[in-house]
Amino acid sequence: MCGIVGIFKIKQQTQELRQKALKMSQKLRHRGPDWNGIYVGGSAILAHERLSIVDPASGGQPLRSKDGKLILTVNGEIYNHRELRGQLKDEYEFQTGSDCEVIHALYRRCVEKLSGIFGFALYDEANDCYLIARDPIGVIPLYIGHDDEGHLLVSSELKGLEGFATAYGQFPPGHYFYSRDKDFTRWYIRAWM
């Protein structure tokens with residue numbers, strides 16, 4: 001269990017916004033006693049409270065791609081990460097042993113290949129866009145909201161948004177939100193649905 005927080009659609013970075021993200025993240029400190037980290041840049045802030053399970057030595061988050069342009073914060077576990085690493089090793093140079101790093105490698109392809117329980121927020125610094133996703137049946141909690149300044153906020157727990165977001169709700173299971181699409185997309189689709 002970890003805790004993630006994200007603030008997106010930032011027009012101008014300020015110390016106040018950074019402090020806001022830190023206060024949101026502090027409300028989730030009980031979810032991740034082993035590590036905490038924050039990324040501030042572009043039009044996004046990502047914070048992470050970590051419980052170290054897979055790759056305790058090098059899996060600290062927010063996790064950056066080798067070129068530093070993809071920033072990721074995840075709560076959950078990717079069950080098929082070893083299989084995906086094998087498939088993607090010629091296309092992506094992995095930097096850690098973290099199960100979550102495969103999300104970087106799959107970012108421009110498809111969330112559908114992930115098997116596991118997760119809620120994540122990924123910021124693409126080079127293209128100034130973001131992707132937020134949740135596991136198929138919503139095992140991992142994830143909430144989304146907006147504040148009065150028009151920022152989009154995400155948090156692993158509702159209390160991470162309380163007092164900061166003026167409108168909020170549950171992020172739908174089996175969906176992703178890509179900033180360029182501007183709406184939720186169901187990625188988990190089965191014939192029996």
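These values consider heavy atoms only, across backbone and side chains, with no hydrogens, waters or symmetry-generated copies.
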Less than 4.5 Å apart, side chain to side chain, heavy atoms only: is that true for Arg18 and Thr14?
no

Short question: side chain of Glu157, backbone of Ser155 - any donor-acceptor pair under 3.5 Å?
no

Is there a side-chain contact between Leu17 and Ile10 (heavy atoms, below 4.5 Å)?
yes

Residue set satisfying salt bridge (charged side-chain N to carboxylate O under 4.0 Å, His left out) with Glu162, at least two apart, ordered chain then number -> none

So if I apply the side-chain contact (heavy atoms from CB on, under 4.5 Å) rule between Phe164 and each of Lys159, His151, Lys27, which one comes out positive?
Lys27

Rounded distance [0.5 Å steps], SG in Cys100 versus CG in Asn75
8.5 Å

Rounded to the nearest 0.5 Å, how far does CZ of Arg64 lie from CG of Leu46?
9.5 Å

Establish whether Trp187 and Leu114 are linked, either directly or via other cluster members, by ILVMFWY side-chain heavy-atom contacts under 4.5 Å.
yes

Over all heavy atoms of both residues, which pair between Ser98 and Leu63 is shortest? Give the atoms and the distance, please.
OG-CD2, 4.2 Å

Could you give the distance from CE (Met24) to CD1 (Ile4), rounded to the nearest 0.5 Å?
10.5 Å

Does any part of the side chain of Leu84, heavy atoms only, come nearer than 4.5 Å to the side chain of Gln87, both counted from C-beta?
yes

Cation over ring face, Arg85 and Phe94, 6.0 Å, 45°:
yes

Main-chain N/O of Lys113 paired to Asn80 side chain as donor or acceptor, under 3.5 Å:
yes

Sidechain-backbone polar pair: Asp135 side chain, Phe118 backbone, donor-acceptor under 3.5 Å:
yes

Are Ile132 and Leu106 connected in the hydrophobic side-chain network, where two residues link if heavy atoms are under 4.5 Å apart?
no

Could you measure the distance from the CD atom of Gln12 to the CD atom of Glu149? Nearest 0.5 Å is fine.
12.5 Å

Residue pair Tyr92 / Ser65, side-chain heavy-atom distance below 4.5 Å
yes

Kindly compute the distance separating CD1 (Ile103) from CG (Leu72), expressed to the nearest 0.5 Å.
5.0 Å

Which heavy atom of Glu49 sits nearest to which heavy atom of Arg29, and what is that distance?
OE1-NE, 2.8 Å

I would like to know whether Cys2 and His48 meet side chain to side chain contact (heavy atoms under 4.5 Å, CB included); could you show each step before the answer?
CA-CA 7 Å; Cys2 296; His48 190 262; 3.7 Å; yes

Would you indicate whether Ile189, at its atom CD1, is surrounded by more than 12 heavy atoms from other residues, nucleotides or ligands within a distance under 6.0 Å?
yes

Check: Tyr143 main-chain N/O paired with Gln170 side-chain donor or acceptor under 3.5 Å:
no

Of the non-hydrogen atoms in Arg134 and Ile140, which two are nearest, and what is the gap between them?
NE-O, 2.7 Å

Residue pair His104 / Leu70: nearest heavy atoms and the distance that separates them:
NE2-O, 3.3 Å

Should the pair Lys20-Asp147 be classified as a salt bridge under the 4.0 Å nitrogen-to-oxygen rule?
yes

Could you see if Leu153 belongs to whatever hydrophobic cluster contains Leu142? Use Ile, Leu, Val, Met, Phe, Trp, Tyr and a side-chain cutoff under 4.5 Å.
no

Treat each ILVMFWY residue as a node, draw an edge where side-chain heavy atoms are under 4.5 Å apart, and state whether Val74 and Tyr79 are in one component.
no

Pro136 and Gly116 have their tightest heavy-atom pair at CD-O, 4.0 Å

Under the side-chain hydrogen bond (donor to acceptor under 3.5 Å, both in side chains) rule, what do Asp124 and Tyr130 come out as? Steps first, then yes or no, please.
CA-CA 6 Å; Asp124 181 340; Tyr130 54 90; over 6 Å; no

Establish, from distance only, whether the side-chain atoms of Tyr123 and Asp128 form a donor-acceptor pair under 3.5 Å.
yes

Could you check Val111 against Leu131 for side chain to side chain contact (heavy atoms under 4.5 Å, CB included), going step by step and ending with a plain yes or no?
CA-CA 10 Å; Val111 177; Leu131 175 69; 4.3 Å; yes

Would a line drawn from the ring center of Phe177 to the ring center of Phe171 be shorter than 6.0 Å?
no

Same hydrophobic cluster for Val40 and Ile71, using side-chain heavy-atom links shorter than 4.5 Å among ILVMFWY?
no

Report yes if some heavy atom in the side chain of Leu28 is under 4.5 Å from a heavy atom in the side chain of Val5; otherwise report no.
yes

Using only atom types and a distance under 3.5 Å, with no angle test, would you say the side chain of Asp67 pairs donor to acceptor with the backbone of Lys69?
yes

Are any non-hydrogen side-chain atoms of Tyr168 and His146 less than 4.5 angstrom apart?
no

Looking only at heavy atoms, what is the nearest atom pair of Ile45 and Ala21, with distance?
CG2-CB, 3.5 Å

How about Glu16: does its CD atom have over 12 heavy atoms from other parts shown lying under 6.0 Å from it?
no

